[in-house]
Amino acid sequence: MTGTIFVGFLARAIKFATVFIFGSTGETITEKSGHLNMGIPGIMYLGALGGIIGERIYLDAIGEAALNGFMVLFMPMIFAMLFASIGGLLFSFFTVTLKCNHNVTGLTITTFGVGLSCYFIGLIPGTRMAEAGLMIQSLFISNDFNWNGNWFGEIFLSQSLFTYLAIIIAVVTAVFISRTRIGLNLRACGENPAAADAAGINVDQYRYVATIVGAAIAGLGGMALEMDLYKGMFNAKDAVDSFGWLALSLVIFSMWKPSVCIFASLLFGALQVLPNFLSIGSVEKQIFAMVPYVATILVLVLTSIFNKKNAQPPAGLGITYFREDR
């Protein structure tokens, strides 16, 4: 792999990593509260659908007029977060209010989100969506900018605003969870909800908010995939949910630490694009696609063997809390 190809490989890997950072950060927030939301793949699909609908509404409103950089980014982001947060709200309603099983509810949300999104995405016309996608990519640095062989600029400064936003959200989330009182309360709800309840913390409220906020952030990942990575050239067969499953794996791989999610996402992004930069057959490409899942299993095994407390999931993860049992 030559230097030029390697630079292109890293730049592409970062774009894929952006999607993973959004998804894994959102799910980490959710799991820190004690909710195991396996509906993230469907929620990311809902985010993609919302982003496409938001962009479509804006494009229909302006007609043939010139695109506005702020609105071309603002509209899909708002709709993506709105649609995804509805998925998080549904999950919270079933698991907190109705006390349903987390795994069953999450898989139901995934099935619902993927099916609904695939159907409606197929009905949305793509006119001018590619133009909007290209504008989103060039809002920070123009696509026409020539780096003249400057590898640092081409790798780290040629990304869309979504990449930098994803990193900022992950860092802020890490500080928020570990350094603030609300973050401490959130972790208490995930570790020992009965003790948190006895201390006056509203466990249900924290879990509702954490799940909805986490879903909204994950939804931005689905939108970034369609409007940035695919440049607005979407179709109903885009495997957005596959990125959601990898995002779930990333939470385990990064040991429930948002700051580690950034580097783990870069690794997963690199593995995602590496087969396209190598002269290998279809069988070898399928093997590369399995690597992130195998790596996640290895992390689970190693953390279980060494039994490191800071590498374990929240003690109350996936367990429905019944206040009367306290």
Side-chain angles (χ1 to χ4, degrees), residues 20-41 43-44 81 84-85 87-96 101-103 105-106 109 166-221 244-265 296 299-300 303 308-321 323:
F20 292 136
I21 293 172
F22 278 125
S24 58
T25 301
E27 177 61 9
T28 299
I29 294 173
T30 300
E31 293 194 12
K32 283 292 185 180
S33 73
H35 269 176
L36 178 59
N37 186 1
M38 295 183 69
I40 284 295
I43 286 172
M44 289 183 70
M81 295 176 71
S85 62
L89 178 63
L90 285 173
F91 181 88
S92 295
F93 175 72
F94 283 112
T95 56
V96 177
N101 181 275
H102 288 208
N103 295 331
T105 303
I109 295 293
I167 294 173
I168 290 171
I169 289 176
V171 172
V172 170
T173 299
V175 174
F176 174 80
I177 290 175
S178 61
R179 301 289 182 180
T180 66
R181 183 176 183 83
I182 297 177
L184 178 62
N185 292 344
L186 179 70
R187 286 156 51 201
C189 292
E191 293 291 344
N192 193 329
D197 194 3
I201 299 172
N202 190 326
V203 175
D204 289 353
Q205 184 180 53
Y206 267 87
R207 288 188 168 183
Y208 253 100
V209 173
T211 305
I212 293 171
V213 171
I217 293 173
L220 288 176
W245 291 117
L246 283 171
L248 281 170
S249 300
L250 260 168
V251 177
I252 302 169
F253 187 85
S254 59
M255 296 173 290
W256 293 267
K257 297 177 181 178
S259 55
V260 179
C261 282
I262 298 173
F263 302 101
S265 295
T296 303
V299 169
L300 274 175
T303 53
K308 290 186 176 181
K309 187 176 181 180
N310 59 357
Q312 299 301 317
L317 182 62
I319 300 174
T320 302
Y321 175 57
R323 195 167 193 266

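What you see is a predicted model, and the numbers here were worked out from it, not measured in a lab.
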Does L248 offer a backbone N or O that forms a donor-acceptor pair with the side chain of E27 under 3.5 Å? no
Compare all side-chain heavy atoms of L186 with those of I182 and state whether any distance is below 4.5 angstrom. no
Just jot down the side-chain contact (heavy atoms from CB on, under 4.5 Å) partners of T28, sequence neighbours excluded, or say none. K32, V251, P258, C261
For N185, the side-chain hydrogen bond (donor to acceptor under 3.5 Å, both in side chains) test, sequence neighbours excluded, returns Y206
Any side-chain heavy atom of F22 within less than 4.5 Å of one from M44? no
Take N37 and I43 through the test side-chain contact (heavy atoms from CB on, under 4.5 Å) and record every step on the way to the result. CA-CA 10 Å; N37 186 1; I43 286 172; 3.4 Å; yes
My understanding is that only residues two or more places apart in sequence, or in another chain, count here; which of them pass side-chain contact (heavy atoms from CB on, under 4.5 Å) with V171? I167, I262
Between G190 and P314, which heavy-atom pair has the shortest distance, and what is it? O-CB, 3.6 Å
Holding to side-chain contact (heavy atoms from CB on, under 4.5 Å), I want the full list of residues that pass it with S178, two or more places apart in sequence or in another chain. none
Got a sec, which residues hit ring pair (Phe, Tyr, Trp, His ring centres under 6.0 Å) with F20, two or more places apart in sequence or on another chain? F243
Any heavy-atom pair between the side chains of T320 and N101 that's under 4.5 Å? no
With sequence neighbours excluded, residues passing side-chain hydrogen bond (donor to acceptor under 3.5 Å, both in side chains) with T211: H35
Between CZ of F176 and CD1 of I169, what distance do you get to the nearest 0.5 Å? 13.5 Å
Going by heavy atoms in the side chains, are D197 and Y321 under 4.5 Å from each other? yes
I319: what forms a side-chain contact (heavy atoms from CB on, under 4.5 Å) with it, not counting sequence neighbours? none
Looking at side-chain heavy atoms only, is the closest gap between P193 and R207 below 4.5 Å? yes
